[in-house]
Amino acid sequence: MKIKILIPFIIGLLFHLQSYATDFNVLDYGAKADGTTIDTKAVQKAIDACTKNGGGKVIIPSGKTVVIGTIYLKDFVTLHIENGAMLLGSPNYEDYATDTHKNMYKNEPHMDRCLIFAKDARSIAIEGYGTIDGNGHKENFTKKKGGRPMMIRFVNVKDIHLNDITLINPAAWTSAWLYCDNISVSGINIISRVNNNGDGLDFDGCTNVRVNNSNFDNSDDSICLQASRPDKPCKNITVSNCHFSTKWGGMRIGLLSRGNIESVTVTNCTFKNIQDSGLKIQQCEGGEMKNMVFSNLVMENVPRPIFMTFAQQIASVDTPEGQFEPLKSMHNFSFSNIVVDNSNLDKNSAFFLTGFPEHQIEDITIKDVQFVVSGGGSAADAQKTNIKEYTQEVLNGWWPEFSLVGTLPASGLYARHIDGLVVENFSIKTVNEDKRAPIVLKNVTNFEVNRVFLNKKIISKNQILSN
C-alpha cells in the first residue's frame, strides 16, 4: 500500500524535476547518432524543448556522430557538442531548408541554404570541444548539383557565443552573421578547404564583435567585415590573438559597403601562406569607412600585407537605386609594428594603397615595419607609369583586385590618391637586386616619410619617387 501511495508522488516529482532540466540530450529525443541516419527532427525536438523550458544546453554526446539537415537555433539555447562528438551535415542538398534567408551577394542563390540557422533570436551559443562537419565535399555539393549550403547563418540575433568548437568542411561560407549584435567568438578552429568560397567568419552589419584566440585555414577570406544595408553599420569590432592561412584574404574589410564600417582594431595576429592579401580593405558602395587600428602583426608569404582600395564598383547586392552608388569617404587608418617575410615570393610583393582621382583616402599612418622581399624588379618595371586605375571600365562589373593592375614600380610601398600619409621607420630588405624605388607616391598630398631603410641603409628623400 505504501508503494502504491508513493507512485503518484514519485511521478509528480520526476515531472517537476524534468521541467527544471537544463540539459537536453538529443538521444533522449530520438536521435540514432549512428553517423548515417538523418537525425534532424530529433535534434530540433531537443532545441524546441530547451527553449520552451526557458533555456539550457542541447547535448551532442561524446563518441557519437549525429547527421542533420537544417536546424533552427532559438532563444536561450546552447548547442553543446561534447569533446569527441560530431555534428555532421547531410550530403543530400534536399535536406537543407529554403527558409533560411539568403546570401547577400547577388547572382549567388546557390549559397542561400544553410545547416544551422537562427533569426530574431536572443542569447544563443554554439560551444564544446567537438566538431561540426559541413560534409561539403564537391562530390556532395556543387552549383550544378543544386547548390552549396553554408554552415551557419544568423540574422538579427542578439547576444551570441561561438566558443571552443571546430568547424570543418563547409560547402560554401562557414558562417554569415547579418545585422547581429554582441558577438563573442573565442577558441575556435575553422578548416574550410574542400569546396569553393570557404570563408570563415563574415560579419555583415554587425556591432560589438569580439574574435580572439582562434585559427583559420580557408579557401577564401578568413574574416570579412561588410555592410550590405545603408542602415546597418558594421562597427565596434576587435580581432586579437588569431592565426590566418588562406587561399585569398586574411581579413577582408569592405566590398559589401553600402553602410558604414568603422571602429575596428586588429592586434597580435599572424598570417601565413596567403595567396592574395593579409589586410584587404576596400570601400566601394556608398558607405563611410573610418577609424581602424592594426598592430603587432607577423606575416609570412603574404604578397600584399596591406591592400587598400577606394573605388566605385557595380553594386554587389540588388539595390533599388540602381547599379552604382556615390562614394563617401575612407579615412583614419593606423598600421604599426608589422613584420613581413616574403623572401620566397616573386617580385609582386608590396604594400599597395590606392584611392581614386576624385576620392582620396585620407589620414593613414604606417610605422615600425620590417619587410623582406625577394626583389627582382627590372629597370622596365621601375619606369612603369601606366598603373591602371580602378575605373568602371577596368573593373568591368567586377571588384578591385590586384590582378587588374600587375607589377608595381615600387619594391616596398606604392601609394596613390591619398591625402595625409605618414610613413616612419619602414625597413625594406631585398634578397635579390631590385631596380625599382623602394617607395613610390603618386598624387599623395600632405605626406611625411621618415627613416626608411633599404638593405639596412637609410635612404634619402630623392630615392622616394613622388609626383
Side-chain angles (χ1 to χ4, degrees), residues 215-218 221-223 239-253 264-282 292-309 333-354 364-377 381 401-402 405 407-415 421-434 436-441 449-459 464:
N215 295 309
F216 299 83
D217 186 6
N218 307 97
D221 304 318
S222 295
I223 294 180
V239 177
S240 60
N241 304 330
C242 292
H243 174 69
F244 302 98
S245 180
T246 174
K247 289 183 178 180
W248 205 234
M251 281 199 64
R252 190 167 201 162
I253 303 174
V264 176
T265 70
V266 179
T267 188
N268 298 345
C269 292
T270 58
F271 301 71
K272 186 173 183 178
N273 298 333
I274 291 175
Q275 293 185 14
D276 187 63
S277 305
L279 302 173
K280 198 167 187 176
I281 306 169
Q282 300 182 292
M292 301 186 187
V293 174
F294 306 87
S295 63
N296 301 344
L297 308 178
V298 176
M299 302 187 186
E300 182 180 354
N301 298 333
V302 181
R304 277 152 298 286
I306 301 172
F307 180 36
M308 295 183 69
T309 68
F333 298 86
S334 174
F335 305 89
S336 64
N337 295 333
I338 301 174
V339 175
V340 184
D341 183 356
N342 284 348
S343 55
N344 294 320
L345 300 182
D346 63 19
K347 63 182 178 181
N348 294 311
S349 170
F351 288 63
F352 182 29
L353 299 79
T354 176
I364 300 173
T365 298
I366 303 173
K367 63 182 298 185
D368 300 330
V369 174
Q370 296 183 42
F371 190 22
V372 180
V373 295
S374 62
D381 295 330
E401 299 293 2
F402 178 77
V405 171
T407 299
L408 297 170
S411 63
L413 168 66
Y414 182 86
L421 173 66
V422 175
V423 178
E424 184 172 352
N425 194 26
F426 194 113
S427 174
I428 303 166
K429 179 181 179 181
T430 60
V431 176
N432 301 298
E433 183 183 13
D434 199 301
R436 297 172 294 180
I439 294 178
V440 175
L441 309 179
V449 179
N450 293 311
R451 294 178 56 80
V452 175
F453 298 84
L454 178 61
N455 297 322
K456 299 183 179 180
K457 296 180 180 179
I458 195 163
I459 68 172
I464 299 169

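Both backbone and side-chain heavy atoms feed into the values below; hydrogens, waters and symmetry mates do not.
With rounding to the nearest 0.5 angstrom, the OG1 atom of Thr354 is 10.0 Å from the CE atom of Met308. Atom OG of Ser245 sits about 8.0 Å away from atom CG of Asn218, to the nearest 0.5 Å. One finds the CD atom of Glu300 at 4.5 Å from the NZ atom of Lys272 (value rounded to the nearest 0.5 Å). Expressed to the nearest 0.5 Å, how far CZ of Phe294 lies from CG of Leu279 amounts to 5.5 Å. With rounding to the nearest 0.5 Å, the separation of OH in Tyr414 from CG in Leu441 is 9.5 Å. Going from atom CZ of Phe271 over to atom CD1 of Ile338 covers 9.0 Å, rounded to the nearest 0.5 Å.
In this structure, the side chain of Ser222 does not engage the main chain of Met251 through any donor-acceptor pair within 3.5 Å. Under the 3.5 Å distance criterion, the side-chain polar atoms of Asn425 are left unmatched by any main-chain donor or acceptor of Lys367. Between the Arg436 side chain and the Leu408 main chain, a donor and an acceptor come within less than 3.5 Å of each other.
Ring centroid separation for the pair Phe351 and Phe371 comes in under the 6.0 Å cut-off.
Smallest separation of non-hydrogen atoms from Ser343 and Ser374: O-CB, 3.6 Å. For the pair Ile458 and Arg451, the tightest heavy-atom approach, listed with the atom from each and the gap, is CD1-CA, 4.0 Å. When all heavy atoms are compared, the tightest approach of Cys242 to Val239 is SG-CG1, 4.2 Å. Nearest heavy atom pair, residue Trp248 against residue Ile274, reads O-CG2, 2.9 Å. Shortest non-hydrogen contact noted between Ala410 and Ala350 is O-CB, 4.4 Å. In terms of heavy atoms, Pro303 sits closest to Gln275 at CG-O, 3.5 Å.
With sequence neighbours left out, Ile459 forms a side chain to side chain contact (heavy atoms under 4.5 Å, CB included) with Pro438, Val452, Leu454, Gln463, Ile464. For Asn432, the side chain to side chain donor-acceptor pair (under 3.5 Å) test picks out no residue, with sequence neighbours left out. Residues that satisfy the salt bridge (Lys or Arg N to Asp or Glu O under 4.0 Å) test with Arg304, not counting sequence neighbours, are Asp276. Evaluation of the salt bridge (Lys or Arg N to Asp or Glu O under 4.0 Å) rule for Glu401 yields Arg252, Lys280 as partners, not counting sequence neighbours. Considering only residues two or more places apart in sequence or on other chains, Asp217 meets the salt bridge (Lys or Arg N to Asp or Glu O under 4.0 Å) condition with Arg193. With sequence neighbours excluded, the residues forming a side chain to side chain contact (heavy atoms under 4.5 Å, CB included) with Asn268 are Asn241, Asn296, listed by chain and number.
For the residue pair Ser295/Thr267, the side-chain donor-acceptor check at 3.5 Å is satisfied. A donor-acceptor contact under 3.5 angstrom links the side chains of Thr430 and Asn455, judged on distance only. In summary, the side chains of Asn342 and Ser349 do present a donor paired with an acceptor at a separation below 3.5 Å, with no hydrogens or angles considered. Side-chain contact check for Ser427 and Gln370: no donor-acceptor pair (N or O, by modelled atom type) lies under 3.5 Å.
Put simply, the side chain of Val369 does not reach to within 4.5 Å of the side chain of Phe335, judged on heavy atoms. In this structure the side chain of Phe244 never reaches within 4.5 angstrom of the side chain of Val302, judged on heavy atoms. No side-chain heavy atom of Phe333 sits less than 4.5 Å from a side-chain heavy atom of Leu353.
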